[in-house]
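In the text below, chain A, chain B and the rest are named by the order of the sequence lines, each starting its count at 1.
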Amino acid sequence: MAKVPQNAISPTREEDYAEWYQQVVRAADMAETSPVRGCMVIKPWGYSFWENIQKNMDAMFKETGNQNAYFPLFIPKSFLEKEAEHVEGFAKECAVVTHHRLEAGPDGGLVPAGELEEPLVVRPTSETIIGALYAKWVQSYRDLPILINQWANVVRWELRTRLFLRTAEFLWQEGHTAHETSEEAWEETRQMLRVYRDFAQDYLAMPVLTGVKTPNQRFPGAVETLCIEALMQDRKSLQAGTSHFLGQNFAKASGIIYQSREGREEYAWTTSWGTSTRLIGGAIMTHADDDGMVMPPRLAPTHVVILPIYRKEEERAASLEYAEKIAAGLRKVDTVWGGKVEATVDRRDLNAGEKGWDWVKKGAPIRVEVGPRDIEKNAVFVARRDKGPKEKYGQGREDFIAAVPAVLAEMQANLYAKAEAHRAANTRDIDDPKEFYSFFTPKNAEKPEIHGGYAMSHWCGDAACEEKITNDLSVTIRCLPFDREKSGPGKCVVCGKESPGRVPFAKAY
RNA sequence: CGGGGCGUAGCGCAGUCUGGCAGCGCGCCUGCUUUGGGAGCAGGAAGUCGGUGGUUCAAAUCCACUCGCCCCGACCA
């Protein structure tokens with residue numbers, strides 16, 4: 001018997017959080033770095049999770065009346081230049097295509113040839129190219145609203161990348177809508193943020209704060225940016241989705257003009273909203289533990305993994321047959337969320353212990369071992385990913401199959417409750433500036449331990465106070481909560497001036 | 001882009017200071033035994049030592065340049 005580590009993942013979260021994260025992604029076989037700088041390869045187990053995110057979120061978009069479409073990957077440089085703040089915000093991180101051909105070079109290599117008259121920018125986001133099309137499509141108020149989403153990849157030349165959390169290329173969805181009135185566009189902006197909030201909480205089991213970004217942290221070109229923010233296990237906040245009210249800024253830049261009911265020419269009011277593969281990083285840092293990934297059951301690539309146990313060749317056939325029988329039984333059962341239970345039989349000819357750990361690391365919600373003893377008793381041996389790896393229990397086959405939907409629902413609820421408790425335990429009302437600074441200062445400066453969380457403190461609204469905190473502590477105001485005033489008025493934690501309510505300060509990804 | 005660390009078999013690393021046959025563990029392949037918590041034994045395959053140039057009889061090792069990765073920071077729509 002080989003000596004094995006206590007936990008499946010080394011180092012643990014406590015020992016080295018950043019390294020733990022990478023090891024989880026690797027051990028769960030969700031993604032890996034690629035030969036291309038800053039770009040990841042999303043592997044089947046990770047991509048399948050993404051497909052479930054897409055499928056479920058897409059259904060929510062459709063319920064709001066949005067439809068999917070697809071726009072070009074390339075944006076002519078001049079398009080991006082049309083909105084001044086937008087250009088400035090994105091200029092530093094764009095991949096630019098300048099040639100359209102390769103020719104044989106002197107050393108047998110290839111050299112770019114055929115210089116483009118106008119460089120093409122690989123989309124960092126599509127407001128400008130979509131705006132150009134909307135300008136064509138909109139003539140009259142009768143053409144509004146336009147409610148379109150696209151699932152696509154975008155490129156932002158990030159200097160420091162981390163799998164799922166920040167990669168040079170990533171997958172996302174971006175909704176772009178155009179409306180007749182400001183009120184209507186505002187309602188769309190808020191509605192889509194509610195969709196994101198509900199998706200994060202009900203599907204990813206990830207509790208989020210919702211609110212408005214401060215002017216400093218707004219999307220370039222937006223009038224207001226709304227966001228959802230989630231607290232990760234290292235007590236840093238993750239911006240998990242944004243919804244922008246763009247006013248008439250992009251309509252003016254792109255010429256989205258309609259003739260109103262009164263016959264006047266008016267600029268349309270637009271919105272944009274997006275979430276990305278970053279949600280996967282959020283799910284990992286919300287639920288994974290020192291044994292690896294923990295998939296939220298509602299979006300897990302598979303719900304139940306069946307591990308056939310056998311010693312001899314005769315037992316092998318019997319165990320596999322029994323496993324398939326259970327899988328078939330499970331696949332007829334509805335989950336509480338609609339859709340059938342997904343069951344996988346692991347037929348790989350590996351040591352049973354190794355197979356079991358493999359699925360622990362991947363975060364499959366339920367594992368069942370079935371072997372000769374179970375076949376004899378018409379039973380199964382069950383392990384849940386939300387419990388310790390040793391907490392297993394035997395159960396009759398039919399009872400187990402019937403119980404799976406409720407168990408999955410309970411696990412989903414447990415994951416949410418655990419994440420919410422973690423957030424509550426690391427959220428603190430702070431009024432004293434000294435306490436504020438010590439809250440965000442690690443005891444060990446050399447090798448900072450996990451510290452901080454959400455400091456719910458007062459802010460006067462002055463950008464200078466916000467900047468001071470950012471400069472001193474790398475802490476930002478994550479959002480101005482919609483229910484900010486519920487916490488009551490107070491004094492700004494920086495300057496002491498009046499504040500209408502508390503706002504969450506945190507370190508962030 | 002600044003500071004630090006690192007590129008040697010699929011993965012993790014030793015060897016570099018002090019130049020002299022390319023190594024270890026895991027994984028992989030074959031066989032047998034195993035299989036209900038990360039298997040055992042035996043045999044085997046696998047390397048442009050990140051790249052280019054230089055010094056030398058000889059370079060993973062020394063020198064120059066260069067590419068890339070990781071951590072911290074800055075930036076992050």
Once you apply the 3.5 Å cut-off to both distances, tell me the Watson-Crick or G-U wobble partner of B/A59, or none.
none
Across all strands shown, which nucleotide pairs with B/C11 by Watson-Crick or G-U wobble geometry, both distances under 3.5 Å?
B/G25
Determine: side-chain N/O of A/Asn351 to OP1/OP2 of B/U35, distance under 4.0 Å, yes or no.
no
Hey, does A/Lys312 reach any base, or is it just sugar-phosphate, or nothing, if we go heavy atoms under 4.0 Å?
nothing
In whole angstrom, give me the gap between the P atoms of B/G20 and B/A58.
14 Å
Would you indicate what A/Gly356 reaches in the nucleic acid, counting non-hydrogen atoms under 4.0 angstrom: base, sugar-phosphate, or nothing?
nothing
At less than 3.5 Å, do the side-chain atoms of A/Asp358 and the base atoms of B/G38 form a donor-acceptor pair?
no
When rounded to the nearest Å, what value does the distance between P atoms of B/C49 and B/C62 take?
15 Å
Integer angstrom distance from the P of B/G44 to that of B/G7:
30 Å
Re B/A42: Watson-Crick or G-U wobble partner, both distances kept under 3.5 Å, found to be B/U30
Any base atoms under 4.0 Å from A/Lys361, or only sugar-phosphate, or nothing? Heavy atoms, all strands.
base
Need one value for A/Asp349: base, sugar-phosphate or nothing, where a base atom within 4.0 Å counts as base even if backbone is also close, heavy atoms only.
nothing
Nucleotide forming a Watson-Crick or wobble pair with B/G73, both distances under 3.5 Å
B/C1
Let me know, please, whether A/Ala508 or A/Thr33 comes out on the 5' side of the other along RNA chain B by nearest nucleotide.
A/Thr33
From the set B/U35, B/C1, B/G12, return the single nucleotide nearest to any side-chain atom of A/Ile309.
B/U35
When all nucleic acid strands are considered with a 4.0 Å heavy-atom cut-off, which category describes A/Lys392: base, sugar-phosphate, or nothing?
base
Atom-pair distance (CH2 on A/Trp157; P on B/C1), nearest Å
12 Å
Does atom NZ of A/Lys507 have more than 12 heavy-atom neighbours from other groups under 6.0 Å away?
yes
Determine the interatomic distance between P on B/A59 and the same-named atom on B/G43; round to the nearest Å.
35 Å
For atom C1', what is the distance between B/C76 and B/G19, given to the nearest Å?
46 Å
Any A/Ser474 side-chain N or O less than 4.0 Å from OP1/OP2 of B/G73
no
Can you tell me how far P of B/C71 sits from CG of A/Asp16, to the nearest Å?
9 Å
Passing option when A/Asp289 is tested against A/Arg385, A/Lys387, A/Lys361, A/Arg13 for salt bridge (Lys or Arg N to Asp or Glu O under 4.0 Å):
A/Arg385
Sub-4.5 Å side-chain heavy-atom contact between A/Ser272 and A/Leu246:
yes
Separation of B/C76 P from A/Asn216 CG (nearest whole Å)
10 Å
OP1 or OP2 of B/G36 versus the side-chain N and O atoms of A/Arg373: is any pair under 4.0 Å?
no
Taking atom P of B/C70 as reference, at what distance in whole Å does atom CD of A/Glu158 sit?
13 Å
A/Leu350 CG - B/G36 P separation (whole Å)
12 Å
Give me the distance, rounded to whole Å, that separates B/G4 from B/A22 when you measure between the P atoms they each carry.
34 Å
Touch class at under 4.0 angstrom, heavy-atom based, for A/Glu354 against every strand present:
sugar-phosphate
Among B/C71, B/C11, B/U35, which nucleotide sits nearest the side chain of A/Arg162?
B/C71
Side-chain ion pair, A/Glu449 and A/Arg235, N-O less than 4.0 Å:
no
Locate the shortest heavy-atom distance separating A/Asp290 from A/Asn7; write the atom from each residue and the value.
O-CB, 3.2 Å
Among residues two or more places apart or on two chains, list those pairs meeting salt bridge (Lys or Arg N to Asp or Glu O under 4.0 Å) that have a residue in residues 217-227 of chain A.
A/Arg218-A/Glu224
Is A/Asn471 close enough to B/A74 that one of its side-chain N or O atoms is under 4.0 Å from OP1 or OP2 there?
no
Considering heavy-atom distances to RNA chain B, does A/Glu19 or A/Val155 have its closest nucleotide positioned more toward the 5' end?
A/Glu19
Answer with base, sugar-phosphate or nothing: what part of the nucleic acid does A/Pro372 contact at a heavy-atom distance below 4.0 Å?
base
With the threshold set at 4.0 Å, does a side-chain nitrogen-carboxylate oxygen contact exist between A/Glu187 and A/Arg190?
yes
In whole angstroms, how far is the C1' atom of B/A74 from the OH atom of A/Tyr509?
17 Å
Tell me the interatomic distance from A/Met40, atom CE, to B/C69, atom P, rounded to whole angstroms.
15 Å
C1'-based separation of B/C75 from B/U66 [nearest Å]:
26 Å
Watson-Crick or G-U wobble partner of B/A64, both distances under 3.5 Å:
B/U52
Spacing of the C1' atoms in B/A60 and B/G15 (rounded, Å):
8 Å
Can A/Asp358 and A/Arg367 be counted as an ion pair, charged N to O under 4.0 angstrom?
no
Under 4.0 Å between a side-chain N or O of A/Gln22 and OP1 or OP2 of B/C71?
yes
Quick one: A/Leu165 CG to B/C76 P, roughly how many Å, whole number?
17 Å
Regarding A/Gly388, tell me which of base, sugar-phosphate or nothing describes its non-hydrogen contacts under 4.0 Å with the strands shown.
nothing
